[in-house]
Amino acid sequence: MKEGKADLRSAFFFSLSSGPLSVVGAGLTSLFNPDVFRRAFGFFMLIMVMLLLFRNRIKPYKGKWRYVRRLPTPLV
C-alpha cells in the first residue's frame, strides 16, 4: 500500500462478490451426483499436484501480452 501497488478497487469488488458467490457455489454442489463430484474434484487435485511438482520445468510464455494494466500513480 505504501508503494501504491495495491489495487483497492479490484480488492473491493472481489471481496464484495466472494461472499454471496461462495454461498451460491455451495448450494450448486448439492445438484451434482456425489460420486461424479468426488471424481471430478480428485482429478482436479491431481492436475494441481502435477502443476506444482513440475512448475519449474514448464517454460514461461515468451509471447507478447495484449493487455498491460497500468496502476494509477500515487498521490504522494
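All heavy atoms count here, side chains included; hydrogens, waters and symmetry mates do not. Residue numbers count from 1 along this sequence. Predicted model only: the values in this text are computed from it and were never measured.
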* To do: Could you grab the distance from atom CZ of Phe14 to atom CG of Leu21, nearest 0.5 Å is fine?
  => 11.5 Å
* Please tell me if the side chains of Ile47 and Met50 come closer than 4.5 Å, counting only heavy atoms from C-beta onward. => no
* Rounded to the nearest 0.5 Å, how far does OG of Ser18 lie from CZ of Phe13? -> 13.5 Å
* Going hydrophobic residue to hydrophobic residue with side-chain gaps under 4.5 angstrom, can you get from Phe43 over to Val36? -> no
* Is the backbone of Gly27 close enough, under 3.5 Å, to the side chain of Ser30 for a donor and an acceptor to pair up by distance? -> yes
* Can you see which heavy atom on Leu16 is nearest to which on Pro20, and at what distance? => O-CD, 3.4 Å
* Asked: Is there side-chain contact between Asp35 and Arg38, with heavy atoms separated by less than 4.5 Å?
  -> yes
* Joint hydrophobic cluster, Met45 plus Leu51, side-chain heavy atoms closer than 4.5 Å -> yes
* Asked: Hey, quick one: are Phe37 and Leu31 part of the same hydrophobic cluster, counting side-chain heavy atoms closer than 4.5 Å, chains of contacts allowed?
  -> no
